[in-house]
Amino acid sequence: MPDHKPKYKRVLLKLSGESLLGDLPYGIDLDSTRSIALEIKEVHALGVEIAIMIGGGNIFRGIRGSESGMDRASADYMGLLATIMNGIALQDALEKEKVLTRQVSAIEVKAVAEPFLRRRVIRHLERGRVVIFSAGIGSPYFTTDTAGVLRALEINADVILKATKVDGVYSADPMIEKDAERFSTIRYIDVLKKGLKVMDSTAIALCKDHDLPIIVFNLFDNGNIKRVVLGEEVGTTVF
Ligand code: UDP
């Protein structure tokens, strides 16, 4: 039986934009956003310091814009702005649950978010505020996965919690191949060599170079974030 003391003191939770989608084809489903906020609240109540990197794929992805003929950098900036909208929705849902938060954006949007100042972010975490990072690293050609790894390193997070819609890392896409096998652990190098879809290769390489473990797990199994934080064997650990 796992004890009820968290295994990690400070975590970086990577939430894709899709986690806010619910059953909508596009945009933000407020009920789904609230459910995630409730899960985060439970983990926060354990005393774990939580920083979140929020994605934007439920609204806009730069690559999609560039495939339709847009300039890639302009399209990526639209993607970045999408993450800020998601950040506001998540912040609202958390604060409705009485969890104190700060939104920290990598591009300046003074009316809704603070600029990224590493020491200030660490102070927020120490004071028990949930920090929501938006706008990735503020530059086009990156993903919020890579941005999450970068911020996790900067704030000395113990682990990256990569919330997805599958149960972990599989040998092939489990939605397509029925006998795809789930790994309970896998090395960074094997993820890269096998081209497994965990995070983009920049993000994996950064974790590998700095020994930052990633736990990939299914966000849609109720209570999973808490299980992971308590050290239960959930999903796949990339190390
Ligand atoms: N993006 C970017 N730089 C960053 C992070 C994100 O340009 O540092 C843009 C990029 O266009 C990306 C979009 O923002 O497609 C949304 O982020 P992402 O696709 O990572 O979101 P997720 O898949 O997690 O929902």
Side-chain angles (χ1 to χ4, degrees), residues 11-29 32-33 35-37 40 50-91 93 103-109 112-116 118 121 131-155 160-166 169 173 175 191 196-207 214-220 225 235 238:
V11 301
L12 185 301
L13 174 65
K14 169 61 215 300
L15 287 178
S16 68
E18 278 184 2
S19 32
L20 309 187
L21 203 53
D23 292 327
L24 300 176
Y26 158 90
I28 303 171
D29 176 58
S32 305
T33 308
S35 308
I36 294 171
I40 294 168
I50 308 168
I52 300 166
M53 177 61 72
I54 184 80
N58 55 323
I59 300 173
F60 197 81
R61 279 209 172 86
I63 186 93
R64 219 177 297 149
S66 75
E67 280 164 3
S68 309
M70 261 191 98
D71 175 69
R72 174 66 193 262
S74 299
D76 276 340
Y77 279 115
M78 287 176 64
L80 287 176
L81 293 175
T83 70
I84 298 172
M85 286 177 57
N86 285 337
I88 296 172
L90 186 60
Q91 178 171 43
Q103 182 169 191
V104 173
S105 168
I107 55 179
E108 222 176 273
V109 267
V112 292
E114 294 179 5
F116 175 70
R118 177 176 170 267
V121 165
V131 172
I132 303 167
F133 289 122
S134 55
I137 62 168
S139 298
Y141 297 100
F142 285 90
T143 63
T144 50
D145 282 349
T146 301
V149 175
L150 175 65
R151 294 300 188 229
L153 291 169
E154 290 186 87
I155 63 168
I160 301 247
L161 308 182
K162 162 81 178 165
T164 69
K165 53 185 178 195
V166 287
V169 183
D173 186 342
M175 310 268 188
V191 170
L196 298 174
K197 291 201 168 37
V198 177
M199 287 177 155
D200 60 279
S201 54
T202 312
I204 301 290
L206 204 52
C207 285
I214 309 162
I215 302 177
V216 184
F217 65 97
N218 193 336
L219 176 66
F220 301 103
I225 313 178
V238 186

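Note that this is a predicted model, so its numbers are computed, not measured. Remember, it's 1-based here, ligands and their atoms both numbered in the order they're listed.
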Contact between ligand 1 and P140 is defined here as a heavy atom of the residue under 4.0 Å from a ligand atom; is it met?
yes

Close approach of L80 to ligand 1, heavy atoms, under 4.0 angstrom
yes

Is the shortest heavy-atom distance from the side chain of [X] to the side chain of [Y] under 4.5 Å?
X	Y	answer
I107	I84	yes
Q103	S134	yes
L20	I36	yes
D23	D29	no
T146	L150	no

Please confirm whether S139 comes within less than 3.5 Å of ligand 1 when only nitrogen or oxygen atoms on both sides are compared.
yes

Got a donor-acceptor contact below 3.5 angstrom from the N58 side chain to the Y26 backbone?
no

For [atom], find the nearest protein heavy atom and state the residue, atom name and distance (0.1 Å precision).
atom	value
atom 12 (C) of ligand 1	G62 N, 4.0 Å
atom 11 (O) of ligand 1	D76 OD1, 2.5 Å
atom 1 (N) of ligand 1	F142 O, 3.3 Å
atom 13 (C) of ligand 1	G79 CA, 3.6 Å
atom 18 (P) of ligand 1	T144 OG1, 3.4 Å
atom 8 (O) of ligand 1	I137 N, 2.9 Å
atom 23 (O) of ligand 1	R61 NH2, 2.6 Å
atom 21 (O) of ligand 1	G56 N, 3.0 Å

Out of all atoms in ligand 1, which are within 4.0 Å of some heavy atom of [X]? Include the element for each.
X	value
G57	21 (O), 22 (P), 25 (O)
G17	22 (P), 24 (O), 25 (O)
K14	24 (O)
S16	24 (O), 25 (O)
G55	21 (O), 22 (P), 24 (O), 25 (O)

Residue list, side-chain contact (heavy atoms from CB on, under 4.5 Å) with T144, at least two apart or on another chain:
K14, M53, T83

Residues two or more places apart in sequence or in another chain: which of them pass side-chain contact (heavy atoms from CB on, under 4.5 Å) with I204?
Y188, V191, L192, V198, M199, I214

How far apart are the C-alpha atoms of V11 and I225, what are their side-chain angles, what is the distance that settles it, and do they pass the side chain to side chain contact (heavy atoms under 4.5 Å, CB included) test?
CA-CA 11 Å; V11 301; I225 313 178; over 6 Å; no

Any salt bridge linking E67 with R64? Criterion: basic side-chain nitrogen under 4.0 Å from a carboxylate oxygen.
no

